[in-house]
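First up is the structure itself, then whatever we jot down about it.
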Amino acid sequence: MRKLIWPVIAFLLVTAMLSLGIWWWAYGTALDRLSARGQTELSLAADRLQSYLQRFRQLSVVLADHPGLIALLQEDSDQFVAESERLLLETADKTGSLEVFVLSASGVVVASSRGAYDGQSYAGTEYFRRAMNGALGTSQSSDAQGRAFYAAAPIQRHGAPPIGAVVVKADIEAVETDWRANPNILYFTDRYGVVFVANRFELLFRSLADGGIAQNVAQKYGPTKITPFAAHDQSRLSGHDLWQFSGGGRFPTAALHLVRHAPVIDLKAEILIDATPARLSALFQAAFAAAASLVFGAVLLILTQRRMALGQRLRLEERANLELEQRVALRTEQLSGVNLDLRQQIKERREAEEALKVAQQDLVQAGKLSALGQMSAGISHELNQPLMAIRSFSENAEAYLDRGDLATAKNNLSRISEMARRMGRIIKNLRAFTRKEGEPITNVDLNAVVGTVLEMNEKRLEENAVTTLWNAPGETVMVRGGEVRLQQVLINLVSNALDAMEGQPDKQLEIAIEQAPSLTRLSVRDTGPGLDEAEKIFDPFYTTKIVGASEGMGLGLSISYGIVQSFGGKITGRNHPDGGAVFTVELTPTGLEEAA
Ligand code: ADP
């Protein structure tokens, strides 16, 4: 808002100057019109007065040639006086003169239209002096009867010096009455600036001359009559003379003053025209212009303010947007940093998983080899026994053939073939077992897996006098998994159980399959001493057996754990309330893999 102060001040100044200019122009134009009208009025008035006085002058000139009056001055007789006075009275009556009288060469009245003359002397008057010099004398004066205009013509014969003068006294008020109705102040001043004719009584004998009134003026009108003109200030506006009256009363507060010289009567015609309407009209026009300008300015100001406010709001929004963008950019940068970290982590994790998988596979293989090591003694015995039997059966068969006992020889051969089949089965199991398995998860018969494992451990169970409790279900029990890996898990559990029951008086291995709708549970229970630290048994390299010997590596259960988990199953180990350890393997039955 502060930014607008100076433009507003400048605008106000321009408005003020504009209004002032309009006022000045309008006032000047109005005064021009007033002036033109006033001049016409003035010239009409001056003409009127001049022609009025001219009449009496001409009368005086005509009368001066009258033989009666010449005779009167030449021969001073009562008869001539009486005749002259009749003539003068008649003339005065017909012409409307106040008085017509004849002055002698010494300036004394010798005959008058008024009759009884008192021998008054007019020798000192200006008009008389001029008449006695042979010129036409005119003058205005005032006396007890009032103001009057005097026209004096010399009475003379054929170029001889004047012997007297005839004077016509004319009334001034008669001409003034015509102007009374005029609203303007109209007056005539003499060469001393004294108002002698006016359409306002109160102006009469007022002087424009401040203070020192000339002596001759005082003589002319009498000193007491002259008063200063009404107090006023004068100023000029576009070539016009303006008078301001402060006294009020019958004078307008502002008036246009016009002057016109009337040389014939030696007076100055002046007029004061009320300029108030012109001033009011100029003021009105100036005020209108100012109001229009202010309204325009106000509208402009409001628009500017709105635009500024809008601009400010836009700038604020822009700044807010910019800040937001910066923050978004910063956040994006941070996020992409975090994203990069996460990707790196994911990559590392994948690599770790990959490594773990490889390690697990290696461990599985290691576990298999370890189990194979454990079983190798039993297996070599297993293979050795049928081999020995095959040898003796084939030797016997030879002997029977020699003897011709074909039936017995045939029986021996079929025993040999049975032994060979059994050996083939054992070898096939071993081969499958030691093969590195990458096969996918398929449907496996859990029943068959248990059968195979028991078969593989048959020798050991027998040697250790373990009672095997295995109630095989009548039908196949299909679960999701890998056949060899499941075998590996079960071999592990069985050999752990056998290890645990070593040296125990009562050795029982109980294997059971339990089928629920959503899962199949395989449990292996022994009558060993139970688990020392059940929570640690699945940790890699946790073993209570002699490390380094072929017996324990502490890997069997952790590998089994990984295998069962890879089937989507679960393996747990706990102590049975009646003694011994129970291991449970939970697997997904076939047909439920989607649910699993
Ligand atoms: P290892 O057999 O090589 O020791 P395992 O991971 O198979 O490795 O077993 C780890 C440990 O769990 C064994 O050392 C043993 O202490 C314990 N354990 C496993 N099975 C049984 C069981 N049936 N009864 C008692 N303890 C067992």
Side-chain angles (χ1 to χ4, degrees), residues 356 359-379 433-434 437 449-450 453-454 456-470 484-514 521-567 569-586:
L356 190 68
Q360 261 181 358
Q361 275 172 4
D362 289 351
L363 281 177
V364 168
Q365 197 60 22
K368 281 194 241 180
L369 293 176
S370 148
L372 201 62
Q374 278 180 20
M375 290 188 298
S376 62
I379 290 165
F433 183 71
T434 48
E437 197 181 8
V449 170
V450 176
V453 171
L454 285 180
M456 283 168 84
N457 285 284
E458 196 181 337
K459 172 87 173 74
R460 200 173 162 203
L461 292 166
E462 216 177 273
E463 275 178 358
N464 286 296
V466 174
T467 319
T468 305
L469 301 173
W470 162 233
V484 179
R485 283 174 287 176
L486 259 183
Q487 281 176 15
Q488 193 180 345
V489 171
L490 194 56
I491 286 171
N492 219 357
L493 294 179
V494 169
S495 64
N496 273 348
L498 293 180
D499 286 347
M501 289 187 294
E502 210 134 311
Q504 293 286 321
D506 177 30
K507 296 173 187 174
Q508 273 185 27
L509 177 68
E510 186 182 341
I511 299 176
I513 289 177
E514 201 181 313
R521 204 176 277 131
L522 168 74
S523 57
V524 179
R525 187 191 159 191
D526 62 54
T527 50
L531 306 168
D532 288 343
E533 296 165 295
E535 72 284 352
K536 279 188 181 171
I537 49 171
F538 293 107
D539 292 350
F541 304 108
Y542 170 76
T543 181
T544 53
K545 298 167 193 170
I546 306 147
V547 182
S550 64
E551 291 210 295
M553 272 177 74
L555 283 174
L557 281 182
S558 68
I559 289 166
S560 302
Y561 188 89
I563 290 169
V564 173
Q565 208 174 36
S566 76
F567 297 155
K570 209 164 92 182
I571 178 168
T572 51
R574 62 188 166 84
N575 285 321
H576 197 275
D578 301 334
V582 189
F583 283 84
T584 312
V585 180
E586 288 176 358

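One-based numbering, in listed order, for ligands and for the atoms of each.
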Looking only at distances, please establish whether an N/O atom of ligand 1 is found under 3.5 Å from an N/O atom of Leu557.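 Right, the criterion is met.
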Check: Thr543 N/O within less than 3.5 Å of ligand 1 N/O: yes
Output the list of atoms in ligand 1 that are nearer than 4.0 Å to some heavy atom of Asp526, sorted by atom number. 22 (C), 23 (N), 24 (N)
Gly530 neighbourhood, listing ligand 1 atoms whose heavy-atom distance to it stays under 4.0 Å: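 It comes down to these atoms of ligand 1: 25 (C), 26 (N).
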Test item: side-chain donor near acceptor, Ser560 and Asn492, under 3.5 Å: yes
Aromatic plane relationship, Phe538 with Phe583 - under 30° parallel, 30 to 60° tilted, over 60° perpendicular: perpendicular
Would a distance-only check, ignoring hydrogens and angles, find a side-chain to backbone donor-acceptor pair under 3.5 Å from [X] to [Y]?
X      : Y      : result
Thr527 : Gln508 : yes
Asp526 : Gly528 : yes
Thr468 : Trp470 : no

Sidechain N-carboxylate O distance under 4.0 Å for Glu502, Arg460: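 Counted as a salt bridge, because a side-chain N and a carboxylate O are separated by less than 4.0 Å.
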Please work out which of Ile537, Asp499, Leu498 has its closest non-hydrogen atom nearest to atom 17 (C) of ligand 1.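 That would be Ile537.
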Could you check which of Thr544, Val582, Asn496 puts a non-hydrogen atom nearest to atom 19 (C) of ligand 1?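 Checking each option, the heavy atom nearest atom 19 (C) of ligand 1 is found in Asn496.
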Report yes or no: does a heavy atom of Gly528 sit under 4.0 Å from some atom of ligand 1?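 Contact absent.
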Just to check, does Phe538 reach to within less than 4.0 Å of ligand 1 when the distance is taken from its heavy atoms?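 In this structure, Phe538 fails to qualify as a contact of ligand 1 - no heavy atom is under 4.0 Å.
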